[in-house]
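Here's the structure we're looking at; comments come further down.
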Amino acid sequence: MLPKELLLKAYRLMMTAKAMAEIYDANRPICKYVHSTSRGHEAIQLATGFLLKSCDFVSPYYRDESIMLGMGYRPYELMLQLLAKGGDPFTGGRAYYNHPNIKREGFPGIIHQSSATGMQVIPTTGIAQGIQYREKEKLSNYELPPVTICSLGDGSVTEGEVSEAFQFAVLKGLPIIYLVQDNDWGISVSSDEARTMDAYEYAGGFKGMERVRVNGSDFVDSYNTMQYTIDWVREHRKPILVHAKVPLLGHHTSGVRKEWYRTAEDLAKHGLDDPAPKLKKVLLGIRGIKEADLDKIEQEEVAYVKAEFDMAVAAPDPDPATVADHVFVPSKVTGEVGNRTPEGREKVVMVDAALHAVEELLQDHPEALFYGQDVGKRLGGVFREAATLADKFGDNRVFNMAIQEAYIVGSTIGMNAVGLKPIVEVQFADYIYPGFNQLVTEISKSCYLSCGKFPVSMILRVPIGAYGGGGPYHSGSVESTLATIKGIKIVYPSNAADIKGLMKAAFYDGNPVVMLEHKGLYWSKVPGTEEAKTIEPDRDYILPLGKGTVALAPTQENIDNGSSCCIITYGMGVHWARNAAKQYPGQVEVIDIRTIYPLDEELIYHTVKRHGKCIVLTEEQLRNSFCEALAGRIAQNCFQQLDAPVQTIGALDLPAVPMNMGLEAAMLPNADKVADRIGQLLSW
């Protein structure tokens, strides 16, 4: 039998959770934000919270308030988030109830938690991946081996990203516990209409995944099972799934009421498994404990919760002036440093400059590692962009991934949480979309919704663009889609020196950076791209994000007499523009923006105002693109200085690049097309 004191503590907190649910429901006009409570799940959640240590990590999902209570959080702290108050210790009033994230001395770590069901499984598995990496590389000497617990509802297990995480966890043998709380409901969808097996049976298909069932409504069974499970993972450092059967006693959320979709019979059936009466029965069997004592505990918690709630209601709302805080952490790179053009060196191609940048980062930073599809030994990337890295740094630091774009992207969140700096790669821009869920839902919001506690410092390398023969699924451009995501930075270099300097800046920036690397510029094999080769900068060279450059300068005489124009572009567009400008010597200024976000608007507007005539050039389809939006901003900010409408050049609005690249001249921009538009604009 468990100690009496532990059982009484659990019962008291069950009464706390019950009182919280009741006061929220009784004050719905005040609790106007949608929320869930843990009613029915308290036993397994409290057992989990009690057993976690400060070295551990846990990802509670939105119904896990009792895990928070079990770890020692006050109802008041949770209520501050419920009411979106400024003092919310997790998100500063930015997110729904029980979406915690915390770095607090003496408590387990909690990374940013989102509302998207199942999406926390990849980032949390990334934590376990990071812990294992630190152990293997001897970067940490843990007194007590940490464990990671990922909590999720049974309805979310059917998400494809959950299977990606499970597969990686068993492949690598990660120290993680997947705690699945199964109440047979996914909002109004019952388990029998959503799946053919429960999570325990499903996990059996992942070779190497240990499994255990537990009665999650029985505190004694829950505590003993979780104690065994946590101790097992601390010792064996392998994954395990706990399938906890629990009742759902409350609403799905305050906005989706149980009476809307559940029958009286179903509610009565679930009510029979209420954890509190079960634990009360156990306590009444212990000598010296009377029903009046337990009734008193319940009364005390009702009064305590009311006092906490009143205090939370009276707490100040967030200061509107802080609404834009924490989108990014301040960049550590503030200016260009190092030698860009050292003497005595030959020019290198872009792919080699990028490779050398990554190699130098791995040499200088043991916390850095690189993984993605085909980047490990044998191949070193399909463009040889990672050639020899695995041979030099070992399979633990540079390794291949399965075709799991979501895991590749999302795992970087957990890696960051344990102090690692991942550089990862998606093989082609056309295949980045499975990773967008993690990029949008988790990575881009982590810094903002954690009030800067969990920024994601990572580099996502993405080979991009048409390069001859790639066809519909290997020639795409995705920068406009990326540019709609707030909370990430986007780099698009056009030459070897820039890619090296920007790669270094991205690593030190402290925020998520997507490196778009044009396949047609990697080797300068596409006609007209010879100037993508440059002298390779020294290893200390860093080029800050958000600083464009003049890639081609006009003569002042042509500017003064009004016979000049400027082209704003990036990537392959820089080379089209420079080649086109040869037909108009001294009349064209080419601006290479180098980063799409942050964008050097000061340089752009200053240049446009000098010339009065502007072309915005992109390889993408134009309609609703980043470049069309940029043209609009130029028109708005430079209206009085413009002598002609801002011109845009881009690809046709087709769903994909056709396989027959003989159509390239009719579809993609090129130097001839740009030259024609320059001529038209100069004659305006």
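Computed over heavy atoms, backbone and side chain alike; hydrogens, waters and symmetry mates excluded. Residue indices begin at 1 and follow the sequence shown. Just so you know, these numbers come straight off a predicted model, no measurement behind them.
- More than 12 heavy atoms of other residues, nucleotides or ligands sit less than 6.0 Å from atom CD of E259.
- Of the possible polar contacts, one joining the S254 side chain to the H35 backbone as a donor-acceptor pair under 3.5 Å is found.
- Of all non-hydrogen atoms in I131 and P146, the two that sit nearest each other are CD1-CB, 3.9 Å.
- K453 has its side chain out of reach of H326: every pair of non-hydrogen atoms, C-beta onward, lies at least 4.5 Å apart.
- Relative ring orientation between Y73 and F107 is described as tilted, the plane-to-plane angle lying within the 30° to 60° band.
- In this pair, Y223 and F219 present their aromatic rings tilted. The plane angle is within the 30 to 60° band.
- For the pair Q120 (side chain) and G118 (backbone), a donor-acceptor distance under 3.5 Å is present.
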Exercise for the section: Check the pair Y62, Y96 against ring pair (Phe, Tyr, Trp, His ring centres under 6.0 Å), reporting the backbone distance first and the verdict last. Expected result: CA-CA 8 Å; Y62 52 79; Y96 285 142; 9.2 Å; no
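- Between the side chains of Q113 and S59, at least one donor-acceptor pair of N or O atoms lies under 3.5 Å.
- The side-chain heavy atoms of H41 and S66, taken from C-beta on, include no pair separated by under 4.5 Å.
- The backbone N or O of L241 sits nowhere less than 3.5 Å from a side-chain atom of H243 that would complete a donor-acceptor pair.
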Practice task
Kindly indicate, with the supporting measurements, whether the criterion side-chain hydrogen bond (donor to acceptor under 3.5 Å, both in side chains) is fulfilled by T263 and D266.
Solution key: CA-CA 5 Å; T263 65; D266 177 70; 5.4 Å; no
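- With sequence neighbours excluded, the residues forming a salt bridge (charged side-chain N to carboxylate O under 4.0 Å, His left out) with K306 are D310, listed by chain and number.
- Between the side chain of D56 and the backbone N or O of P108 there is no donor-acceptor pair closer than 3.5 Å.
- In this structure, Y228 places its OH atom where only 12 or fewer heavy-atom neighbours from other residues, nucleotides or ligands lie under 6.0 Å away.
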Scan the side chains in residues 7-15 for donor-acceptor partners under 3.5 Å anywhere in the protein, sequence neighbours excluded, and list what turns up.
unit_1 : atom_1 : unit_2 : atom_2 : d
R12    : NH1    : E300   : OE1    : 3.0
R12    : NH1    : E301   : OE2    : 2.7
R12    : NH2    : E300   : OE1    : 3.0

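- Between the side chains of S156 and Y61, not a single donor N or O lies within less than 3.5 Å of an accepting N or O.
- Across all their heavy atoms, P100 and Q81 have their closest contact at N-OE1, 4.2 Å.
- At least one donor-acceptor pair closer than 3.5 Å links the side chain of S222 to the backbone N or O of N215.
- L78 has its side chain within reach of L69: a pair of non-hydrogen atoms, C-beta onward, lies under 4.5 Å apart.
- Minimum heavy-atom separation, I176 to C150: CD1-CB, 4.4 Å.
- A donor-acceptor pair shorter than 3.5 Å can be found between the side chains of K278 and S217.
- With respect to E298 and K280, no salt bridge is recorded, no charged nitrogen being found less than 4.0 Å from a carboxylate O.
- Contact record, L174 with F168: CD1-CD2, 3.8 Å, taken as the closest heavy-atom pair.
- Looking at Q404 and I122, their side chains never come closer than 4.5 Å, going by heavy atoms from C-beta outward.
- A salt bridge does not link E442 with K445: none of the charged nitrogens is closer than 4.0 Å to a carboxylate oxygen.
- A donor-acceptor pair is defined here as one N or O able to donate and one able to accept, closer than 3.5 Å; no such pair exists between the side chain of S446 and the backbone of I443.
- The shortest side-chain heavy-atom distance between D184 and K245 falls under the 4.5 Å cut-off.
- Around the CG atom of D192, the shell of radius 6.0 Å holds more than 12 heavy atoms that belong to other residues, nucleotides or ligands.
- Counting only distance, with no hydrogens or angles, the side chain of D64 and the backbone of I67 share no donor-acceptor pair below 3.5 Å.
- Residues meeting the side-chain hydrogen bond (donor to acceptor under 3.5 Å, both in side chains) test with D154, sequence neighbours left out: R195.
- Counting non-hydrogen atoms of other residues, nucleotides and ligands closer than 6.0 Å to NZ of K238 gives a total of 12 or fewer.
- Between Y407 and Q167, every side-chain heavy-atom pair lies at or beyond the 4.5 Å cut-off.
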